Structure formats: C-alpha cells, structure tokens
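The next block holds one structure in the form of structure tokens; read it before the comments.
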Protein chains: 2
Amino acid sequence: MSLPHAILTALLEKPSSGLELTRRFDRSIGYFWSATHQQIYRELGRLEGEGLIRALPSEQPARGQKKAYEVLPAGREELARWTAASQDPKPHRDALLLRLRAAAVVGTEGLEDDLRRHRELHARQLETYREIERRDFPPGKGGTEDRLRHLVLRAGIDLETFWTQWLDHALAEFAALDVRGREG
Amino acid sequence: MSLPHAILTALLEKPSSGLELTRRFDRSIGYFWSATHQQIYRELGRLEGEGLIRALPSEQPARGQKKAYEVLPAGREELARWTAASQDPKPHRDALLLRLRAAAVVGTEGLEDDLRRHRELHARQLETYREIERRDFPPGKGGTEDRLRHLVLRAGIDLETFWTQWLDHALAEFAALDVRGREG
DNA sequence: CCGGCTTATGCAACTAGTTGCACAATGGAG
DNA sequence: CTCCATTGTGCAACTAGTTGCATAAGCCGG
C-alpha cells in the first residue's frame, strides 16, 4: 500500500514523467522503496484515475511522447493522511540470514563466497550513500526538509555500515569454524 | 522463492505438523522469514507433491488430525543447493523511512507518536531476542550449529538495537524541529 | 531514406504474500 | 450429553511485486 505514496512524494518534490520517476527511484527513493518502471507506469495510471495526480497539459499524450505528471490537492491530502496514520511495521524477510540458519543443518559449503560478495555490495552501497551525503548535505546547513531527508539518508548509511561489519564478523566466524573443523 | 527453504530448515531441525511449524515460525525462524499458517500449509502440500518431504506414517491423515512431516533426502539436497547458490540481495522497502521523506514535503503532523510507538516495538523485540540469547546461548559453549544460529540471533539483536537508537535520534531531531518551528 | 539504437510508455502473465473464512476433531463446563 | 472454545487443517480470493515482452517516436550513421 505504499508505492502510490512513494510516487506522490517524488512528484511533489518535482513533477516528472514515468521514466524520470524511474530514474529518480533508482538513485534516491528506491533505496528504501524500490520499484520498476512497469510498476510506476501502472501506478501513475491508477493515481490519475483516482484524481490524485494529473498529466501536465503542455505535452500531447501519444505513445513514445514524454508525459509529465503533477500532484493535485487531493493527492497531497492523501499523502498527508497516510503519513500521519499509525502503521504497524511489516515483518522482515532476509534470505541471507535464512541461509545461515540452513547452513547450520546442511553445512556451510559454498556459502562463504557469497557472504564475501554481499559484504562488498554493502560496502559499495555505503560508499554511494556517503557520496550523496557529501554532495547534498554539507555540514552545518539545511532547513527542516533537508534535516528530515538527511535523517533518512543516515538510516541508510548506518544500516549499510551495520551489514558490512556484521558480514565481517560472520566471515571471521566462518574462518574460526574452518580451523576447528580441520582440527577436530 | 525462500519459504519452502525456510520450511525445510525448520523440518530438518525437528519434524513437525503444520501448526507446530506455525508456532515455531512465530517464535524463531519467522523473525527473519515470517509466514502465516495458511502459507505454511499450502507450501507443505507443494513440498510433499514434489517429493521433498513426506508425512510421517504414524498418524492418519484426516481433517483436524495432526499430520507431521519429515524431510526426505531430495529435500535436504535441495536445501543444500539453495543455501550454497549465489543470490542477489532483494531491494528493501521501509514504509517508515518513506513516511519521513513524505513528511519533509507534507509536514510532520501526527508522525511523532507513531515514531515513538515503533521505538517501543523495537525495544520490546530487542528484549525478546536478549532473553532468547540468555536462554539458548549461555557464554562459552556451543558447537558449529550453535555458533551459526547465535550469529543469526546477533544480527537480530544488533538490528533492533540500531532501530531503537535511530528512532531516539529521529525523535530528538523532531523535538529540535519543533523548537525551531516555534521560534521561527 | 533506411536500419538500428535509445528513449519512453505500457500490457499481460506470473509469483509471492495476505486476508477472510470454513470445517473437523477434541476436551471441558454446565 | 450438549454446547462451546480451542486446536488443527485448509481453500479461495485478493493484493503487491516481478518478468517478459510489445510498441512508438526520435536520432544518428551510412
């Protein structure tokens, strides 16, 4: 129930076409609410049908032509309502943790390489976030909006830091298990 | 593609009926791969159909009768294969971060209470994990299996710790914004 | 001026997870 | 011994997200 609200947020930040939205999701909002272009187009159609957004009138609506959307007052109200409404956290699902647990019964064979790979992916994502922080949030400035967005980015940075460290820890544990295994 | 593997793992740890599995998911595996009883029954049927598990022959298969399953060799092989296979991390989706970002454009009205509520939920989950750690992983013992399971539990503990602290930080930020808002 | 590449939009089918409910057996309480 | 809550199993419909592909316009090189 959140993709429409992610799109409303993005469109309020800046009216855009479907493809522009897709790109912005890839570089920003998608870090905590990812979506494919197919999802986005479908949802844009729904939101337009519900009268929450509208196509900017300047462009003609032919296939292969850019079509930009903006948020209507009803859309802003819906977003404000949703943002303020109490919501329970959704249960997480983490395949890597599940695989570790499975490895406890079927063996760790082949898992270590992928752990190392995931560690590198998280380290790279962390670096990306840090670059965004340097670029968009230089120290000691920013109004209310910037402070909130920075807060969200900090969550991303700290989470990637956490996973990088946790995977280091897991790999160290694997190394220790290997030694014990050889000795036993 | 992971629910069947979560079930195989659980069944290898201990053969169980659908309801027993459901309870164990609620208390353990479900912390990183949640599932409802409906999902579990459906999946047990599929896994049986594929010949990866079988119903223990002791009980009669009538409705309202307990029916326990155990993993067959093919099921163990499939789980080992899946565990070792390289997998890309799935994109995360976090509605709370999205709401913060939305609040940057539509205002923070009404959000603070829910932040506080989420903070308490995470604090409570953290306490649950710590109790499990005290109970199941007393310091200075445990074989390979225990060490891996402890590693997974540590991820849970550290993540809940992270979220509790991050939400404290966010709430402090909100308080600061309120002051600035009143003064401005 | 045509063939292929890029940009842009979008439909259809599929997979996974959620919600709502139904139904059978069992074990007390009255 | 009957009503009813609890335990246990399961189907059906729905929602959300993914994958694969189709289509159209514009542009650029030969």
Side-chain angles (χ1 to χ4, degrees), chain A residues 1-8 11 15-26 29-30 32-50 53-56 58-69 82 87-95 98, chain B residues 1-8 10-11 15-27 29-30 32-50 53-56 58-69 82 87-95 98:
Chain A
M1 274 306 297
S2 300
L3 177 59
H5 302 101
I7 290 177
L8 287 172
L11 285 181
S16 307
S17 69
L19 197 63
E20 281 164 355
L21 274 179
T22 303
R23 295 205 206 291
R24 289 171 56 206
F25 266 70
D26 286 347
I29 295 200
F32 47 90
W33 205 278
S34 69
T36 61
H37 70 102
Q38 292 94 330
Q39 269 180 289
I40 287 170
Y41 282 116
R42 190 198 318 184
E43 204 60 45
L44 284 171
R46 281 180 196 159
L47 288 168
E48 192 178 22
E50 289 167 10
I53 64 175
R54 69 163 181 184
L56 286 177
S58 55
E59 323 273 348
Q60 63 275 45
R63 211 186 173 93
Q65 298 293 93
K66 241 188 227 181
K67 196 165 62 172
Y69 292 90
W82 177 80
Q87 290 173 45
D88 285 335
K90 285 259 170 272
H92 354 125
R93 298 200 162 89
D94 189 311
L98 185 54
Chain B
M1 275 305 294
S2 300
L3 177 59
H5 302 99
I7 291 177
L8 287 172
L11 286 181
S16 306
S17 69
L19 195 64
E20 282 164 355
L21 273 179
T22 303
R23 296 204 203 294
R24 287 171 57 205
F25 267 69
D26 286 345
R27 280 184 287 101
I29 295 199
F32 48 89
W33 205 277
S34 70
T36 61
H37 69 103
Q38 293 93 330
Q39 272 180 286
I40 288 170
Y41 282 115
R42 192 200 314 184
E43 204 61 46
L44 283 171
R46 282 181 197 157
L47 288 168
E48 192 178 22
E50 288 166 12
I53 63 174
R54 68 164 181 184
L56 287 177
S58 55
E59 324 273 347
Q60 63 274 47
R63 211 188 172 90
Q65 298 293 90
K66 243 188 228 180
K67 194 165 65 174
Y69 293 89
W82 176 81
Q87 290 172 45
D88 286 333
K90 284 259 169 273
H92 354 124
R93 297 198 164 90
D94 189 312
L98 185 54

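Given the structure is predicted, the values throughout are model-derived calculations rather than measurements. So that the names make sense, note that chain A is the first sequence line, chain B the second, and so on, each numbered from 1. Just so it is clear, the values below take in all heavy atoms, side chains as well, and ignore hydrogens, waters and symmetry mates.
Rounded to an integer number of Å, the gap from CD1 of I7(A) to P of dT9(C) is 13 Å. Remark: P of dG10(C) and CD of E48(A) are 9 Å apart, rounded to the nearest angstrom. When the P atom of dC14(D) is taken as reference, atom CE of M1(A) falls 17 Å away, rounded to whole Å. To the nearest angstrom, P of dT18(C) lies 15 Å from CD of Q87(A). The CZ-C1' distance, from R46(A) to dT9(C), rounds to 16 Å in whole Å. To the nearest angstrom, P of dA16(D) lies 8 Å from CD of E43(A). Per the geometry, OH belonging to Y41(B) stands 12 Å off C1' belonging to dA24(C), to the nearest Å. Taking atom NE2 of residue H5(A) and atom P of nucleotide dA16(D), one finds them 10 Å apart after rounding to whole Å.
Residue H37(A) has its side chain nearest to dC21(D) when only dC21(D), dG10(D), dT19(D) are considered. For L19(B), the side-chain atoms get nearest to dT9(D) when compared with the rest of dG17(C), dT18(C), dT9(D). Listed nucleotides dG20(D), dT19(C), dG17(D) differ in distance to L3(A); the shortest reach to its side chain belongs to dG17(D). Residue T36(B) has its side chain nearest to dT18(C) when only dG17(D), dT18(D), dT18(C) are considered.
Side-chain atoms of R42(B) and base atoms of dT18(C) include a donor and an acceptor less than 3.5 Å apart. Below the 3.5 angstrom threshold, one finds no donor paired with an acceptor across the side chain of Q38(A) and the base of dG17(D).
For the pair R93(B) and dT18(D), the criterion of a side-chain N or O lying under 4.0 Å from OP1 or OP2 is met. Distances shown here put a side-chain N or O of K67(B) below 4.0 Å from the OP1 or OP2 atom of dG10(D). Here S17(B) reaches the OP1 or OP2 of dT9(D): one of its side-chain N or O atoms lies under 4.0 Å away. Using a 4.0 Å cut-off, some side-chain N or O of R23(A) falls inside it from OP1 or OP2 of dA8(C). One finds a side-chain N or O of Q39(A) lying less than 4.0 angstrom from the OP1 or OP2 phosphate oxygen of dT18(D).
Side-chain atoms of F25(A) and H37(A), non-hydrogen and from C-beta on, never get closer than 4.5 Å to each other.
Mapping P91(B) and Y69(B) onto DNA chain D by nearest heavy atom places Y69(B) closer to the 5' end of the strand.
The main-chain N or O of G18(A) is found under 3.5 Å from a side-chain atom of T22(A) such that the two form a donor-acceptor pair. One N or O on the side chain of Q39(A) and one on the backbone of T36(A) form a donor-acceptor pair closer than 3.5 Å.
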Using side chain to side chain donor-acceptor pair (under 3.5 Å), reason through S2(B) and R93(A) one step at a time and then give a plain yes or no. CA-CA 9 Å; S2(B) 300; R93(A) 298 200 162 89; over 6 Å; no
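Under the side chain to side chain contact (heavy atoms under 4.5 Å, CB included) rule, P4(A) has a single partner from E43(A), R46(A), E50(A), which is E43(A).
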